[in-house]
Peer 1: 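Okay, here's the structure, questions in a sec.
Counting starts at 1 for both ligands and their atoms, in listed order.
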Amino acid sequence: NLGDGSEEQVSGAAVLAQALKAQDVQYMFGIVGIPVTEIAVAAQQLGIRYVGMRNEQAACYAASAVGYLTGRPGVCLVVSGPGLVHALGGMANANMNCWPLIVIGGSSERGQETMGAFQEFPQVEACRLYSKFSVRPSSIEAIPSVIEKAVRSSIYGRPGACYIDIPADFVNLQVNVNSIKYVECCMPPPVSMAETSAVQMAASVIRNAKQPLLIIGKGAAYAHAEEGIRKLVEQCKLPFLPTPMGKGVLPDNHPNCVAAARSRALQFADVIVLFGARLNWILHFGLPPRYQPDVKFIQIDICAEELGNNVRPAVTLLGDINAVTKQLLEQFDKAPWQYPPGSKWWNTLREKMKSNEAASKELASKKSLPMNYYTVFYHVQEQLPKDCMVVSEGANTMDIGRTVLQNYLPRHRLDAGTFGTMGVGLGFAIAAAIVAKDRNPGQRVICVEGDSAFGFSGMEVETICRYNLPIVLLVVNNNGIYQGFDTDSWKEMLKFGDATAMAPPMCLLPNAHYEQVMTAFGGNGYFVQTPGELQESLRKSLADRTKPSLINIMIEPQSMRKAQDFHWLTRSNM
Ligand code: ADP
Ligand code: MG
């Protein structure tokens with residue numbers, strides 16, 4: 001040893017942690033065990049925040065939410081075999097949502113392939129379907145460049161999930177410190193702009209629209225395009241409609257927001273501009289009868305392959321939404337134009353909004369017990385802080401909740417998303433609360449769960465209590481999936497046989513005291529049956545900034561949404 005450190009050794013785990021740090025990775029969620037415990041410890045020592053979760057799926061949801069909220073990928077760290085398999089749900093969800101994410105999986109030792117090694121599984125292959133990039137570094141020396149490529153791939157182009165496989169024997173293998181070259185942090189994604197002629201054409205199509213509509217998707221939220229889109233909306237006086245997670249890019253109470261007339265707006269618009277929203281099931285594929293057969297779509301997206309999916313667009317604007325919106329604004333600055341506020345289209349939309357809002361207010365004002373969804377959400381909305389993060393999942397809970405719970409700020413809503421994934425709520429809420437702690441102290445996270453949705457990741461309440469994250473969990477409890485039985489019907493049913501033979505597949509145990517999951521770990525739990533109890537417990541929960549709370553809200557087990565114009569709207573996305 002020459003005393004200059006040239007003989008100094010470093011472990012694979014330490015190299016991996018340092019490589020993540022060099023790429024500005026700040027958050028890691030996971031569950032430790034053989035062979036990744038040392039990786040979590042090394043990451044934590046370097047100041048990467050490590051959050052230990054109770055199920056890999058929830059850990060992966062949490063890491064992906066960090067990516068969406070911060071624009072830099074979070075890491076999900078899992079053990080080999082089953083650990084990695086459990087994380088696939090989170091990877092799929094992130095990739096479908098176009099959110100950046102890095103999954104790091106320990107894997108069985110090199111040299112034991114096909115021998116039936118401990119938790120042996122073809123992990124790199126398995127992850128390929130769920131990711132943009134899936135690879136095992138060929139050596140410890142290769143780790144820094146592979147990490148850089150994974151982080152870069154997760155945020156460049158259409159964002160998505162990346163997988164890195166770390167064989168067990170890498171973790172504790174020692175290599176000479178001088179053999180490792182760390183790679184400089186990758187540059188932020190380069191900003192691409194649309195072709196000028198296409199921008200001019202788009203502006204002209206908008207100018208000639210009789211019944212225009214802007215649709216704001218979560219791509220616009222991710223792109224931080226709020227300022228430009230607001231200018232465009234206000235300058236040109238255009239109606240806009242947010243998608244579920246596009247909510248808040250412009251505030252829901254903006255006078256140009258036509259969310260309350262969603263079906264009408266989609267059905268009769270003649271020109272629709274898509275700001276980072278795909279024409280998938282959420283937007284009914286852009287096809288009749290939900291749209292006019294000759295509606296002109298102007299598609300703005302960063303992913304060229306997306307352009308032209310399901311419909312032939314009138315204009316495609318390939319580029320970053322923020323940059324492209326500015327390009328459009330330039331056109332309207334050069335030759336100012338406004339959509340006439342007194343038009344028939346605006347009147348139609350406003351009328352429909354009024355009648356829809358009146359219908360849900362009427363349901364909300366019903367005094368009968370158990371409460372219905374609308375009553376619950378109206379009371380919740382009254383108390384929610386304007387800057388709170390709203391996490392939501394469930395079937396009716398999410399769909400009806402979305403129409404009543406308002407978002408005023410971009411990237412303040414997380415839900416089941418493109419993949420319609422149930423079980424995301426607690427992981428998302430934990431991620432949001434941790435990010436808020438660092439970047440927006442004092443911000444509250446409200447997690448509105450159906451009773452079924454809560455069950456998927458219910459044990460993460462322990463994680464919430466362990467880290468003392470003051471999340472307010474609302475479980476809107478109808479004793480089932482879509483609907484359930486009341487206690488009497490359940491008892492009646494048991495007269496004919498036991499539950500394994502008789503219970504309808506949708507039913508969950510009636511009157512379950514989910515609030516006790518929270519009190520079991522020291523948080524506040526409330527069981528509420530009336531509007532008054534709901535108001536009181538929510539007031540107390542929001543006032544307590546030192547502890548998490550769970551409010552178990554009993555509602556009418558057969559409570560459904562209000563009548564819809566389209567009979568096939570009874571499920572999912574209105
Ligand atoms: P929503 O569910 O809100 O309709 P989607 O997830 O379907 O939204 O669509 C989001 C779209 O935004 C994706 O097609 C994605 O490629 C695109 N996107 C993501 N980031 C950007 C960006 N910076 N600029 C342009 N498009 C983007
Ligand atoms: Mg339910």
Peer 1: Going by atom types alone, do Thr418 and Asn97 pair a side-chain donor with an acceptor below 3.5 Å?
Peer 2: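 Side-chain D/A pair, Thr418 to Asn97: present.
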
Peer 1: Would one find an N or O of Ile302, backbone or side chain, under 3.5 Å from an N or O of ligand 1?
Peer 2: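 By distance alone, the answer is yes.
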
Peer 1: If we only consider heavy atoms of Ala221, is any one of them less than 4.0 Å away from an atom in ligand 1?
Peer 2: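 Per 4.0 Å heavy-atom rule, Ala221 does not contact ligand 1.
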
Peer 1: With heavy atoms only and a cut-off of under 4.0 Å, state how Thr418 meets ligand 1: side chain, backbone, both or neither.
Peer 2: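 Near ligand 1, Thr418 shows its side chain, while the N, CA, C and O stay back.
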
Peer 1: Looking only at heavy atoms, what is the nearest atom pair of Gln535 and His379, with distance?
Peer 2: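 Closest heavy-atom pair between Gln535 and His379: NE2-ND1, 3.4 Å.
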
Peer 1: I need the full list of salt bridge (charged side-chain N to carboxylate O under 4.0 Å, His left out) pairs touching residues 213-230, with sequence neighbours left out, sorted by first then second residue.
Peer 2: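 Checked against salt bridge (charged side-chain N to carboxylate O under 4.0 Å, His left out) - neighbours excluded - the pairs reaching residues 213-230 are Glu226-Arg411, Arg230-Glu234.
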
Peer 1: Can you list the atoms of ligand 1 that are under 4.0 Å from a heavy atom of Tyr222?
Peer 2: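 Answer, ordered by atom number: 20 (N).
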
Peer 1: Looking only at protein heavy atoms, which one is nearest to atom 14 (O) of ligand 1, and how far off is it?
Peer 2: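 So the nearest neighbour among protein heavy atoms is Asp301 OD2, 2.5 Å.
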
Peer 1: For Gly319, take its heavy atoms, then give the atoms of ligand 1 lying under 4.0 Å from any of them.
Peer 2: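 Per the distance check, 24 (N), 25 (C).
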
Peer 1: Locate the shortest heavy-atom distance separating Met91 from Ser131; write the atom from each residue and the value.
Peer 2: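 So the two residues come closest at CE-CB, 3.7 Å.
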
Peer 1: Looking only at protein heavy atoms, which one is nearest to atom 24 (N) of ligand 1, and how far off is it?
Peer 2: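 Going by distance alone, atom 24 (N) of ligand 1 is nearest to Ile321 N, 3.0 Å.
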
Peer 1: So between Gly217, Gly219, Gly417, Gly276, whose heavy atom ends up nearest atom 9 (O) of ligand 1?
Peer 2: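 Nearest option to atom 9 (O) of ligand 1, by heavy atoms: Gly276.
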
Peer 1: Within a distance under 4.0 Å of any heavy atom of Ala223, pick out the atoms of ligand 1 and give their elements.
Peer 2: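 Counting from 1, the qualifying ligand atoms are 22 (C), 23 (N).
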
Peer 1: Extract all donor-acceptor atom pairs below 3.5 Å that involve side chains of residues 241-248 and protein atoms in other chains or at least two apart in sequence.
Peer 2:
unit_1 : atom_1 : unit_2 : atom_2 : d
Thr243 : OG1    : Ile216 : O      : 3.4
Thr243 : OG1    : Gly246 : N      : 3.2
Lys247 : NZ     : Asp252 : OD2    : 2.7
Lys247 : NZ     : Arg402 : O      : 3.0
Lys247 : NZ     : Leu405 : O      : 3.0

Peer 1: Say whether Arg158, considering both its backbone and side-chain N or O atoms, lies within less than 3.5 Å of an N or O atom on ligand 1.
Peer 2: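 So ligand 1 has an N or O lying under 3.5 Å from an N or O of Arg158.
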
Peer 1: Protein N, O or S atoms at less than 2.8 Å from the Mg ion (ligand 2), how many?
Peer 2: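 If we list every protein N, O or S atom nearer than 2.8 Å to the Mg ion (ligand 2), we get 3.
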
Peer 1: So between Val191, Leu318, Thr243, Asn97, whose heavy atom ends up nearest atom 3 (O) of ligand 1?
Peer 2: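 Checking each option, the heavy atom nearest atom 3 (O) of ligand 1 is found in Thr243.
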
Peer 1: Report the residues that fulfil ring-ring contact (aromatic ring centres under 6.0 Å, His included) with Tyr156, sequence neighbours left out, ordered by chain and then residue number.
Peer 2: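 Expected list: none.
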
Peer 1: Does Ile321 form a side chain to side chain contact (heavy atoms under 4.5 Å, CB included) with Ile302? I'd like the steps, not just the answer.
Peer 2: CA-CA 7 Å; Ile321 297 169; Ile302 205 163; over 6 Å; no

Peer 1: Looking only at heavy atoms, is any part of Arg278 under 4.0 Å from ligand 1, and if so is it the side chain, the backbone, or both, or is it neither?
Peer 2: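 Under 4.0 Å from ligand 1, Arg278 contributes backbone and side-chain atoms.
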
Peer 1: Can a side-chain donor-acceptor contact be found between Asp399 and Tyr373 if the only test is distance below 3.5 angstrom?
Peer 2: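 The answer is no; no qualifying pair exists.
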
Peer 1: Would you mind running through ligand 1 and noting each atom that sits below 4.0 Å from a heavy atom of Ala277?
Peer 2: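 That gives atoms 4 (O), 8 (O), 9 (O) of ligand 1.
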
Peer 1: Under 3.5 Å, is there a donor on one side chain and an acceptor on the other for Gln516 and Asn552?
Peer 2: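 No - no donor-acceptor pair under 3.5 Å links their side chains.
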
Peer 1: Closest non-hydrogen protein atom to atom 2 (O) of ligand 1, residue and atom name please, with distance?
Peer 2: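 Its nearest protein heavy-atom neighbour is Lys218 NZ, 2.7 Å.
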
Peer 1: Which is it for Asp320 and ligand 1 at heavy atoms under 4.0 Å: side chain, backbone, both or neither?
Peer 2: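 Both backbone and side chain.
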
Peer 1: Pick out which of Phe454, Phe527, Tyr526 makes a ring pair (Phe, Tyr, Trp, His ring centres under 6.0 Å) with Tyr514.
Peer 2: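 When Phe454, Phe527, Tyr526 are each tested with Tyr514, the ring pair (Phe, Tyr, Trp, His ring centres under 6.0 Å) holds only for Phe454.
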
Peer 1: Mind listing the closest non-hydrogen atom pair of Ala65 and Phe428 along with its distance?
Peer 2: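 Smallest heavy-atom distance, with atoms named: CB-CD2, 3.6 Å.
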
Peer 1: Ring centroid separation for Phe297 and Tyr291, is it under 6.0 angstrom?
Peer 2: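 Yes.
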
Peer 1: Would you check if Arg264 and Asn356 make a side-chain contact, meaning some heavy-atom pair closer than 4.5 Å?
Peer 2: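 They are not in side-chain contact.
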
